[in-house]
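Here the structure comes first, spelled out in structure tokens, and everything after it is commentary.
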Number of protein chains: 2
Amino acid sequence: MARTVEFFFDVGSPASYVAYRRLPAIAARTGATIDYQPFLLGGVFKATGNHSPAEIPAKGAWTSVDLARHAERHGVPFARNPFFPINTLHLMRGAAGLQDDPRFIAYLDAVFDAMWREPRNLGDPAEMPAVLARAGIDADAFTALIAADATKARLKATTEAAVARGAFGAPTFFVGDAMYFGQDRLDWVEEALAA
Amino acid sequence: MARTVEFFFDVGSPASYVAYRRLPAIAARTGATIDYQPFLLGGVFKATGNHSPAEIPAKGAWTSVDLARHAERHGVPFARNPFFPINTLHLMRGAAGLQDDPRFIAYLDAVFDAMWREPRNLGDPAEMPAVLARAGIDADAFTALIAADATKARLKATTEAAVARGAFGAPTFFVGDAMYFGQDRLDWVEEALAA
């Protein structure tokens, strides 16, 4: 029986980016479905009391080295974003608003690459039209989408649901009831999907 | 050329315990030497601003599940210690004081097992004589050893040296200049030792 991996992520999380790039091959190998669940990492941190590892300088330095090692090993092009931290509220509202749209993955591709491959300052609204255009999304329509109550409510609901199930950071995966935290647990996720 | 893995640990860290039990097989497979470096995790936290994951309830819950998964996979008998947290200052001073003693590994075996396999309340001084006896260590001699200035200074020096090299938690490994944090990075440590 083919299984599903629920993938909770925020585009501001470089580990989420690496996981996003690795997941399709894992799904292909296991015949699994990826259930993309955009949530707001800042909301998760606020709800759980957790913080970014970058707030502890030594931990932030290690996390960068470690993530670069994983990206290299798995062939994921990765660049640190010099404009970080970037508030991802609008970007994640966009993801929530597009979750049922055929352009959802194209949007995630464009935003993740702009954030962690090129990288661009997505905190600057002037950068957005060109990034959105890659996904065939009009900037004015996007502005309206992320301002919609339904969009805001969906992002909030996904974030709250993840916290209720035990999430405290990104990326977080569920295979059934089993939770896995971190891009470095994708081998465990793959085993669970193949089981 | 045979290499060395420097292993910085605190007996109060369950991940250090799992690493301690896994390292001998890794050393045997790679022909490497283990350089045991007892340090004080509380001192590392104080110096770096880092905290135990257990301070964030959701993160603590995940860390427990994740560590149990790793222990099971690698065949390491592991039990949560219901008496935790236990102040490890005296235990780690003992490790520092015995670092050049032929009973060093026997002491670590006894203390790690008492903490994470049996488990006992090593915060209770009445528990110590029986644990020390397994390593052939007299309780009064131990009391004198951990009170010695040279013992205290050695633990402090090891802790400070680890922090100076980038450590922020336990276990931390170095293979040459490359740092690895966490028992879940032992596969990377093994690759570095085999390279």
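So you know, we letter chains A, B, ... as the sequences are listed, proteins then strands, and number each from 1.
- A/Arg103 places a side-chain N or O within donor-acceptor distance of the main-chain N or O of A/Gly136, the cut-off being under 3.5 Å.
- Contact tally against chain A (heavy-atom pairs below 4.5 Å) for B/Phe181, B/Trp188, B/Tyr180: the top residue is B/Trp188.
- A centroid separation of 6.0 Å or more is found between the aromatic rings of A/Phe45 and A/Phe168.
- With B/Asp35 contributing its side chain and B/Val5 its backbone, the two residues share no donor-acceptor pair below 3.5 Å.
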For residues 137-149 of chain A, which side-chain N or O atoms pair as donor and acceptor with protein atoms under 3.5 Å away, sequence neighbours left out?
{"residue": "A/Asp138", "atom": "OD2", "partner": "A/Asp140", "partner atom": "N", "Å": "3.1"}
{"residue": "A/Asp138", "atom": "OD2", "partner": "A/Ala141", "partner atom": "N", "Å": "2.9"}
{"residue": "A/Thr143", "atom": "OG1", "partner": "A/Ala139", "partner atom": "O", "Å": "3.0"}

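- Within residues 66-91 of chain A, the residues having any heavy atom under 4.5 Å from a heavy atom of chain B are, by residue number, A/Asp66, A/Arg69, A/His70, A/Arg73.
- Checked for salt-bridge contact, A/Glu6 and A/Arg165 meet the test: a charged N lies under 4.0 Å from a carboxylate O.
- A donor-acceptor pair is defined here as one N or O able to donate and one able to accept, closer than 3.5 Å; no such pair exists between the side chain of A/Gln99 and the backbone of A/Arg154.
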